[in-house]
Protein chains: 2
Amino acid sequence: MKKRGDYRQFAKIHRALANEARLMIVESLEKRERTVGELTKLIGLDQSTVSKHLSILLSAGIVDNRKQANNVYYRLLIPCVMDMFSCTMKVLEKRRSL
Amino acid sequence: MKKRGDYRQFAKIHRALANEARLMIVESLEKRERTVGELTKLIGLDQSTVSKHLSILLSAGIVDNRKQANNVYYRLLIPCVMDMFSCTMKVLEKRRSL
DNA sequence: TGACTATTTGGCCATAAAGCCATATACTAA
DNA sequence: TTAGTATATGGCTTTATGGCCAAATAGTCA
């Protein structure tokens with residue numbers, strides 16, 4: 001990690017994960033792909049809001065999508081994102097132990 | 001990862017890493033602790049700005065500090081944060097390959 | 001004590017993020 | 001074609017973020 005642009009990209013990816021709703025989305029995509037409608041029901045925010053969250057995850061490169069009939073299915077592109085969560089969890093544990 | 005509060009905490013940690021300057025700070029702390037002054041020189045932003053970035057990392061539980069004479073030394077509390085970067089890098093690689 | 005150094009805090013401004021509603025687009029099915 | 005369903009986009013408001021400057025605080029050393 002050297003160039004200025006890399007930092008920018010890294011920051012963008014972390015920013016994409018810096019929101020409760022998007023974390024819920026990513027976690028729910030761990031097992032299988034889901035439609036926007038399913039995710040909207042799951043998250044409980046306005047459909048347009050969920051759509052915007054998805055476009056943020058998409059442009060960060062964390063998810064991918066495919067269109068089928070009326071639905072757009074989103075899937076997790078980078079499984080190691082879930083591993084990041086285990087580190088995040090360590091931060092929480094450490095903090096609790098202080 | 002189940003409770004609403006967990007998502008909030010996770011988001012907070014990722015938000016702390018969602019900024020170029022803070023990423024530079026974290027990376028520079030990988031090898032050794034550093035003073036605010038050293039970090040300020042390294043980052044090239046106003047010293048007060050760097051101080052605020054440090055307090056964000058601190059309250060996220062990512063770094064820790066100790067005071068010695070006139071200086072405050074910051075150190076990386078959770079080394080696995082660096083591992084997260086390797087996943088972030090994978091996101092970038094995947095995206096470039098599309 | 002007073003001057004000096006290092007760091008933090010408060011105030012302000014400009015920009016970005018997150019939410020909703022209303023509307024537009026894309027596709028399906030009759 | 002028309003109606004219906006699923007998703008995305010534009011506009012708006014509120015709140016958060018990131019930067020700087022100026023001032024406050026904490027510690028050192030004559």
Side-chain angles (χ1 to χ4, degrees), chain A residues 4-5 7-29 32-76, chain B residues 4-5 7-29 32-76:
Chain A
R4 197 81 188 184
Y7 288 107
R8 199 169 342 223
Q9 295 301 322
F10 270 53
K12 181 176 180 177
I13 291 166
H14 284 291
R15 189 155 41 243
L17 297 171
N19 173 279
E20 290 180 56
R22 290 194 294 271
L23 287 175
M24 285 195 265
I25 290 173
V26 167
E27 195 183 36
S28 78
L29 293 180
R32 63 173 176 286
E33 61 178 10
R34 295 187 194 263
T35 67
V36 179
E38 289 171 325
L39 292 169
T40 299
K41 196 171 297 178
L42 178 74
I43 310 282
L45 292 176
D46 192 89
Q47 181 271 316
S48 67
T49 303
V50 172
S51 179
K52 282 173 187 173
H53 281 312
L54 286 166
S55 82
I56 288 168
L57 290 170
L58 194 61
S59 95
I62 295 169
V63 303
D64 195 7
N65 66 13
R66 71 183 176 87
K67 195 153 200 174
Q68 180 183 308
N70 268 342
N71 301 299
V72 178
Y73 289 85
Y74 281 83
R75 70 188 174 95
L76 191 57
Chain B
R4 198 81 188 181
Y7 288 107
R8 202 172 339 232
Q9 293 302 321
F10 269 54
K12 180 176 182 177
I13 291 166
H14 285 291
R15 191 156 42 243
L17 297 172
N19 173 278
E20 289 179 57
R22 290 193 294 271
L23 288 174
M24 285 196 267
I25 290 173
V26 167
E27 194 183 37
S28 78
L29 293 179
R32 63 173 178 287
E33 61 179 9
R34 293 185 196 266
T35 68
V36 179
E38 288 172 325
L39 293 169
T40 298
K41 195 171 296 178
L42 177 74
I43 310 281
L45 292 176
D46 192 271
Q47 185 270 317
S48 68
T49 303
V50 173
S51 179
K52 282 175 186 171
H53 282 312
L54 286 166
S55 81
I56 288 169
L57 290 170
L58 194 61
S59 94
I62 295 168
V63 302
D64 195 7
N65 67 13
R66 72 183 175 87
K67 195 151 198 174
Q68 181 182 308
N70 269 342
N71 301 300
V72 177
Y73 289 84
Y74 281 82
R75 71 187 174 97
L76 191 57

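Lettering follows sequence order; numbering is per chain, from 1.
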Legend entry - Separation of C:dA16 C1' from A:R15 CZ (nearest whole Å): 9 Å
Inset, instruction - Using only side-chain N and O atoms of A:H53, determine if any of them is under 4.0 Å from OP1 or OP2 of C:dA17. - result: no
Inset, instruction - Determine whether more than 12 heavy atoms belonging to other residues, nucleotides or ligands lie under 6.0 Å from atom CZ of B:R32. - result: no
Inset, instruction - Round to the nearest Å and state the distance from B:N71 atom CG to D:dC29 atom P. - result: 11 Å
Inset, instruction - Quickly work out the B:L54 CG to D:dT17 C1' distance and round it to whole Å. - result: 16 Å
Legend entry - Any A:T49 side-chain N or O less than 4.0 Å from OP1/OP2 of C:dC20: yes
Legend entry - Partner of B:T49 by side-chain contact (heavy atoms from CB on, under 4.5 Å), out of B:H53, B:Q47, B:K52: B:H53
Legend entry - Nucleotide D:dT17, atom C1' - distance to CD1 of B:I56 in whole Å: 8 Å
Inset, instruction - Check the distance between D:dT7's C1' and A:L45's CG and give it to me in whole angstrom. - result: 16 Å
Inset, instruction - Tell me whether the OP1 or OP2 atom of C:dT8 has a side-chain N or O from B:Y74 closer than 4.0 Å. - result: yes
Inset, instruction - Would you please confirm or rule out a distance under 4.0 Å between OP1 or OP2 of D:dG18 and any side-chain N or O of B:R22? - result: yes
Legend entry - Pairwise side-chain contact, A:I62 with A:L76, heavy-atom cut-off 4.5 Å (strictly under): yes
Inset, instruction - Give the rounded distance in Å between these two atoms: OH of B:Y73 and C1' of C:dT8. - result: 18 Å
Legend entry - Side-chain donor/acceptor of B:R22 to backbone N/O of B:R15, under 3.5 Å: yes
Legend entry - Reported CG-to-CD1 distance for the pair A:L42 and A:I25, which is rounded to 0.5 angstrom: 8.5 Å
Legend entry - Interatomic distance where NZ belongs to A:K52 and C1' belongs to C:dC21 [whole Å]: 10 Å
Inset, instruction - State, yes or no, whether a side-chain contact exists between B:L54 and B:V36 at a heavy-atom distance under 4.5 Å. - result: yes
Legend entry - Test side chain to side chain donor-acceptor pair (under 3.5 Å) applied to B:D46 - qualifying residues, sequence neighbours left out: B:S48
Distances for protein N/O vs nucleotides 2-5 of chain C N/O pairs under 3.5 angstrom?
| residue | atom | partner | partner atom | Å |
| --- | --- | --- | --- | --- |
| C:dT5 | O2 | B:N70 | ND2 | 3.2 |

Legend entry - Side chain of B:S48 (C-beta onward), nearest among C:dC21, D:dC21, D:dG11: D:dC21
Legend entry - Candidates C:dG10, D:dG18, D:dG27 - which lies nearest the side chain of B:K67: D:dG27
Inset, instruction - Tell whether A:Q47 reaches the base of D:dA6 with its side chain through a donor-acceptor pair below 3.5 angstrom. - result: no
Inset, instruction - Starting at atom CG of A:L58, determine the distance to atom C1' of D:dT9, rounded to an integer number of angstrom. - result: 15 Å
Inset, instruction - Report yes if a side-chain nitrogen or oxygen of B:N19 is closer than 4.0 Å to either non-bridging phosphate oxygen (OP1 or OP2) of D:dT17; otherwise report no. - result: no
